[in-house]
Protein chains: 2
Amino acid sequence: MGQKVKLSTIAESLGLSTATVSLALRDSPLVADSTRDRIKEQARSLGYIYNRRAASLRTSRSGIIGVVVHDIMNPFYAEILRAIESELDRNRQTFILSNHYDSVEKQRNFIETLLQLGGDGVIMSPAIGTPAADLALAEDNGLPAILVARSVTGIDVPTFRGDDAYGIALATNHLIGLGHRTIAMIGGTDQTSTGRDRYQGYVDALRKAQIEVDSELRIPGPRTKQGGFEAAVTFLSMRQKPTAAVCWNDLVAIGLMNGIARAGLIPGKDISVTGYDDLEEAAIATPALTTVWNGQAEVGRMAARALLDKLAGSHAEDYLHLIKPEMRIRQSTSPHKAI
Amino acid sequence: MGQKVKLSTIAESLGLSTATVSLALRDSPLVADSTRDRIKEQARSLGYIYNRRAASLRTSRSGIIGVVVHDIMNPFYAEILRAIESELDRNRQTFILSNHYDSVEKQRNFIETLLQLGGDGVIMSPAIGTPAADLALAEDNGLPAILVARSVTGIDVPTFRGDDAYGIALATNHLIGLGHRTIAMIGGTDQTSTGRDRYQGYVDALRKAQIEVDSELRIPGPRTKQGGFEAAVTFLSMRQKPTAAVCWNDLVAIGLMNGIARAGLIPGKDISVTGYDDLEEAAIATPALTTVWNGQAEVGRMAARALLDKLAGSHAEDYLHLIKPEMRIRQSTSPHKAI
DNA sequence: GATTTTAATTAAACAGATTCAACAACCGGA
DNA sequence: TCCGGTTGTTGAATCTGTTTAATTAAAATC
């Protein structure tokens, strides 16, 4: 592989200066058309590779954007990522992706790496317990941050997420409307703002319908299929015999339905189940899952857009952007069977 | 945010040269212990951020490794990625992730970006139709490549994947052993080496059992749940009435089972279904899916290891590494019911 | 006390692009 | 012929660390 081809290689081979070559390759109007064409042709034939780190050292713009979420394997985040990806791609930004698995330390490492690489910005779904200081670290060093799906208190950073309390209330009301009175809430934690909002939405909806809230009906747990699957045992052995379940998300709901089916009951008929997020998978689950659309694609798209705008110099004054969830009614819920 | 803190800021504040500071921060034995401690302390208190692009400009080692697969949302790749991530993480490498969605062009763009950023290496599951030249582009410019899950002909690049023909034969033989004679093969394409290998494995197993191969029993299609779900219609309306299906992967199998259930039949009893990959999800599907373990975690781990070793200077002579698949028998397959 | 070793520090070149003030060449007009 | 105005090109500084040969200071040896 001979010597590395750089600007000066091209410049020398054509008897020009590196300044001209640099300008020509970036389509500067300062360079004569004929010169530009010759330079570009030469660059191609020499197999020139643009050295971005040299350039960004000078310009302090790297074209790199960091994205960090709890777990990219989780379809909920994956759908957000997909939207972010397509928006960033359109704008020729490279993105560096990472999971933090809710480790604040791993997340901080990621931010530091990004700072070292001279990232232009970061989009994150913050780890549980993220201190405002970690976001300040980024912002203070010229790395603007945008949050998705979760909030952090103590610092004003643009945040895009669904209106959780409202969304869970939609699901709960739907079940109440079908005649259910003993409704469990499955999965998730109460340690995040999301968790508290969702529980609150559930509680408020029950109260409004004059149904007593029984904390035993709350079964926290992992937000995964496995979590829902395992929760089925607890769920089915409760004294109060719930006839319906509001699940933290679609994964938990699908897992729970599998668990219910494994126990010989028919989900959607014997037990009504609602999900949350409206993943692609919800529509093809058996039975098709009644769930709440949570606008992942919207969230991702808007977050990416917001970051790009910020980098372009625009200055938004609003911080919290709540997407209004919508009900998607399918076959996993049905009217309460009078006994 | 005041002025940016750089090596010279620290150097001046302590009355030292940047050379000393640079050496001290990297724990060079050339610097006196007491000096090193003072420098590190000062760096911390000034909030110094190491500028990797400046450094890598000089050292031509960026600590960046690229990973590109068909689709990170697909659990099969996600499981490989998880393993790659943990291996690279342990070795403090940053990785840049991308989907190529089987677009050779998108994949080439990714390689170019990585070259521009001075990436140290790339792990890829090549897009369908990847020309050897694209891999040569990487290798020739000092970007060693490692392939996972798929092969590319015409160039010798270390490749880690499962033994597809063998694995599908396992599944097919399992069904034959249960008495099935009319066995369909659902999903996937014949345009990849993987596709051809898998079809071959299926055909060979049938031939060995003296079962006639009927090409109408081959239903190619998307390698997704949706794909399997939609294939159910075709599958159930076939003239030959297959009693079992070998699916391209677990996703297709789960989709197919959902489709079968939707049509009122019981997957695992009326129709036997095998998956492929043994995703985490396979065990909790309803019915639990009989499938073929394909060693995603192994593949990912080994690939990352191979790249790290290569970067460390070791020289392996073997290129193709095939992982031997294993059968995982669960409830989605049962003996053929004599009519 | 003079000389040799060893240890600690540094000056300066370097990596590869960007940028801007300065300069050259050429134009038409006076 | 001289001049102001364009258009095109370039020299040199700059961005921030790394590295090596050279220098200085201190310690060891005779």
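Each chain gets a letter, A, B and so on, in the order its sequence line appears, and its residues count up from 1.
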Peer 1: Under 4.0 Å from any heavy atom of chain B: name the first and the last nucleotide of DNA chain D that qualifies, 5' to 3'.
Peer 2: D/dT16 to D/dT19
Peer 1: To the nearest 10°, give me the bend of the helix from C/dG1-D/dC30 to C/dA30-D/dT1, comparing the axes of its five terminal pairs at either end.
Peer 2: 60°
Peer 1: Could you state the atom-to-atom distance from CZ of A/Arg58 to P of C/dA17 in whole Å?
Peer 2: 14 Å
Peer 1: What's the verdict on side chain to side chain donor-acceptor pair (under 3.5 Å) for B/Thr94 and B/Arg52, showing C-alpha distance, side-chain angles and the deciding distance?
Peer 2: CA-CA 12 Å; B/Thr94 303; B/Arg52 274 218 241 174; 3.0 Å; yes
Peer 1: B/Leu97 versus B/Val69: any side-chain heavy-atom pair under 4.5 Å?
Peer 2: no
Peer 1: Which residues, if any, of residues 13-22 of chain B bring a heavy atom under 4.0 Å of DNA chain C?
Peer 2: B/Gly15, B/Leu16, B/Ser17, B/Ala19, B/Thr20
Peer 1: Want to settle it: does B/Ala32 or A/Leu30 sit nearer the 5' end of DNA chain C, counting the closest nucleotide to each?
Peer 2: B/Ala32
Peer 1: Whether the side chain of B/Gln93 engages the backbone of B/Ile65 through a donor-acceptor N/O pair (distance < 3.5 Å, no angle test) should be reported.
Peer 2: no
Peer 1: What is the separation between atom CG on B/Leu23 and atom C1' on C/dA11, rounded to the nearest whole Å?
Peer 2: 13 Å
Peer 1: Before accepting this row, confirm whether a basic side-chain N of the pair B/Asp27/B/Lys40 lies closer than 4.0 Å to the acidic partner's carboxylate O.
Peer 2: yes
Peer 1: Indicate the ring-plane relationship of B/Tyr101 and B/His70, choosing parallel, tilted or perpendicular according to the 30° and 60° boundaries.
Peer 2: perpendicular
Peer 1: Please state how far atom CG in A/Leu57 lies from atom C1' in C/dA15, giving the value in whole angstrom units.
Peer 2: 9 Å
Peer 1: Between residues 37-55 of chain B and DNA chain D, which residues have a heavy-atom gap below 4.0 Å?
Peer 2: B/Tyr48, B/Ile49, B/Tyr50, B/Asn51, B/Ala54, B/Ala55
Peer 1: Could you pull out the closest heavy-atom pair between B/Ala55 and B/Tyr50, with the gap in Å?
Peer 2: CB-OH, 3.1 Å
Peer 1: Can you tell if the side chain of B/Arg150 reaches within under 4.5 Å of the side chain of B/Met124, non-hydrogen atoms only?
Peer 2: no
Peer 1: Under 4.0 Å, counting only non-hydrogen atoms across every strand here, what does B/Ser60 touch: a base, just sugar-phosphate, or nothing?
Peer 2: nothing
Peer 1: For the residue pair A/Arg161 and A/Ile323, establish whether any side-chain heavy-atom pair is separated by less than 4.5 Å.
Peer 2: no
Peer 1: Does the distance from a Lys or Arg side-chain N to an Asp or Glu carboxylate O, for B/Arg223 and B/Asp71, drop under 4.0 Å?
Peer 2: no
Peer 1: B/Arg53 and side chain to side chain donor-acceptor pair (under 3.5 Å): which partner among A/Ser62, A/Ser60, A/Ser56?
Peer 2: A/Ser56
Peer 1: Is it true that A/Glu298 and A/Arg301 have a side-chain N and a carboxylate O under 4.0 angstrom from each other?
Peer 2: yes
Peer 1: Under 4.0 Å between a Lys/Arg side-chain N and an Asp/Glu carboxylate O for A/Arg90 and A/Glu87?
Peer 2: yes
Peer 1: With a 4.0 Å heavy-atom cut-off, tell me which residues in residues 111-119 of chain A come close to DNA chain C, sorted by residue number.
Peer 2: none
Peer 1: So that I can tick it off, tell me whether A/Glu85 and A/Arg82 are bridged by a salt bridge, with the cut-off set at under 4.0 angstrom between side-chain N and carboxylate O.
Peer 2: no
Peer 1: Could you give all pairs that pass the ring-ring contact (aromatic ring centres under 6.0 Å, His included) test and reach residues 105-146 of chain A, with sequence neighbours left out?
Peer 2: none
Peer 1: Have a look at A/Ser56 and say if it touches a base, only the backbone sugar-phosphate, or nothing, with a 4.0 Å heavy-atom cut-off.
Peer 2: nothing
Peer 1: Rounded to whole angstrom units, what separation is found between the CG atom of A/Asp27 and the P atom of C/dT18?
Peer 2: 12 Å
Peer 1: So, does A/Gln296 use its side chain to make a donor-acceptor pair with the main chain of A/Glu79 at under 3.5 Å?
Peer 2: no
Peer 1: Are B/Ser22 and B/Arg26 close enough that a side-chain donor and a side-chain acceptor fall under 3.5 Å?
Peer 2: yes
